[in-house]
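Worksheet: the structure to be examined is printed underneath.
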Amino acid sequence: MTNKRWTISLIVLFFLFLYVLFHFVAATQEMERTVEKLKQTARAEKTAPHFVLISQEFDNPYWRKVEKGAKAAAKQYRVNVEYIGPLRTNVDEQVKLLEKAIASRVDGIIVQSLNDAKFTPLINKAIARNIPVITIDTDAPKSKRLAYVGTNNFEAGQLLGKAVASRVSGSNKIGVIIGSETSENQQLRLQGFQSIIAQHPSLSVVALSVSNISRFQASIQAEKMLLTHPDITVMVGTSALDAIGILMATKNLDRDDIKIFGFDDVEETLDAIQQGKIVATVIQKPYDMGFSAVKLMVEHLEDKSIANEYFTATEIVDATNVEQEGTK
């Protein structure tokens, strides 16, 4: 009887051992599979193309929309996009960031070119080192960049001119504030605007100043302009913060008769349009710019042919459609 019990105990222990062994082997195999997955993920992350997006101003709402579009494309196409930029608009700081990106030998650079003379040599340097460069928002047409993604700025300037011509009546003298004297996009917008105004004898540009893409400088320059040319009845800004700066100046001078036209969909601009303080603004599609730039960079790395210029849409926002724009 004792031997029988001993035999049964051995059999039970044997099956218990087999059960424990089976689970141990299964757990080990599962752990090995998990480790291999982690290794594969790490390898994928390590080998995923690394792009750098250099903005004009790190926390600028417009550039945050560009970043958002770029990050959405990065997720879709499984690449890494690093968003950087100066804390305040500063061409020299942008140049330094571009130099660092080249030195880091990233897989692609997406950059705004605010100064053709400074950016073109660096863009060409990156291309010489087999680092593809796409310009965004502002082009460097004399450089060897792969493509430009952004607004057709001459046509955007024309759209701004048409907005003024169709929304004012009688004879009007116009003051213009541009963001930069050296920026290609600002000069093209100005040229496009002037080409339309020249078609209307009742309209004339009598003064031009530069804001350096600062609402405070826009306000200071607009105030000086209105004091020098009190007969100005229309003021136009070609960069994102100009219209708000102009509005500040008209308040300071108690000139609520001035009809103000701006550029971009800055929240304060849209609010002022709703309140009837700004007539209209030309808006761009910064999200689309960011998304398209990353998409084109990926296609280039896949040896696909990409267009030399990729223009994103523009449209006019005024009192008739500002509420719809504000909900986007």
Side-chain angles (χ1 to χ4, degrees), residues 53-70 83 85-91 94 111-115 135-139 149-157 159-161 163-164 175-190 192-193 208-222 235-250 260-274 277-290 312-318 322 325-326 328:
L53 168 59
I54 304 174
S55 67
Q56 175 186 331
E57 188 175 84
F58 186 80
D59 213 27
N60 183 292
Y62 175 89
W63 281 98
R64 283 299 190 181
K65 290 179 182 179
V66 175
E67 177 199 15
K68 189 175 180 181
Y83 173 76
L87 294 179
R88 294 289 180 268
T89 299
N90 187 308
V91 173
Q94 279 183 292
V111 64
Q112 181 202 42
S113 172
L114 278 179
N115 185 305
T135 53
I136 187 169
D137 181 74
T138 310
D139 197 9
V149 177
T151 299
N152 182 324
N153 285 292
F154 184 83
E155 290 185 0
L159 188 60
L160 185 59
V164 171
V176 179
I177 304 289
I178 66 171
S180 168
E181 288 180 306
T182 60
S183 172
E184 178 82 9
N185 71 344
Q186 294 294 304
Q187 291 301 319
L188 286 171
R189 289 175 195 176
L190 177 62
F193 177 77
L208 174 68
S209 292
V210 180
S211 68
N212 292 318
I213 314 177
S214 160
R215 75 181 65 199
F216 299 108
Q217 277 301 313
S219 177
I220 291 169
Q221 296 305 319
M235 292 206 68
V236 171
T238 65
S239 65
L241 302 176
D242 294 340
I244 298 302
I246 293 168
L247 181 58
M248 291 168 59
T250 60
I260 303 171
F261 295 80
F263 217 95
D264 288 327
D265 56 349
V266 176
E267 186 176 350
E268 295 100 317
T269 299
L270 298 181
D271 288 344
I273 290 174
Q274 284 186 309
K277 296 176 181 178
I278 291 177
V279 179
T281 186
V282 174
I283 67 164
Q284 305 179 85
K285 303 293 181 181
Y287 179 96
D288 293 349
M289 290 182 198
T312 48
T314 53
E315 62 181 284
I316 288 288
V317 171
D318 60 13
V322 66
E325 182 60 33
K328 292 180 181 179

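Across L160, N185, V176, N153, a single residue satisfies side-chain contact (heavy atoms from CB on, under 4.5 Å) together with L190, and that is V176. Shown are N60, D264, D288, D265; of these, the side-chain hydrogen bond (donor to acceptor under 3.5 Å, both in side chains) with K65 is made only by D265.
Residues I246 and M235 approach most closely at CG2-CB, 3.7 Å, considering heavy atoms.
Under a 3.5 Å cut-off, the side chain of Q186 and the backbone N or O of G179 do form a donor-acceptor pair. No donor-acceptor pair closer than 3.5 Å links the side chain of Q94 to the backbone N or O of G85. Listed for the Q56 side chain is no donor-acceptor partner under 3.5 Å among the backbone atoms of T89.
Inter-residue side-chain proximity for E268 and L241 is flagged as unmet; no heavy-atom pair is nearer than 4.5 Å.
Applying the ring-ring contact (aromatic ring centres under 6.0 Å, His included) rule to F58 yields the partners Y83; only residues at least two apart in sequence or on another chain are considered. Residues satisfying the side chain to side chain contact (heavy atoms under 4.5 Å, CB included) criterion with T314, sequence neighbours excluded, are T151, A156, L159, V282, Q284.
Residues N212 and S214 bring no donor and acceptor atom of their side chains to less than 3.5 Å of each other. No side-chain donor from either of T138 and E184 sits under 3.5 Å from a side-chain acceptor of the other.
No more than 12 heavy-atom neighbours from other residues, nucleotides or ligands sit within 6.0 angstrom of CD on E181.
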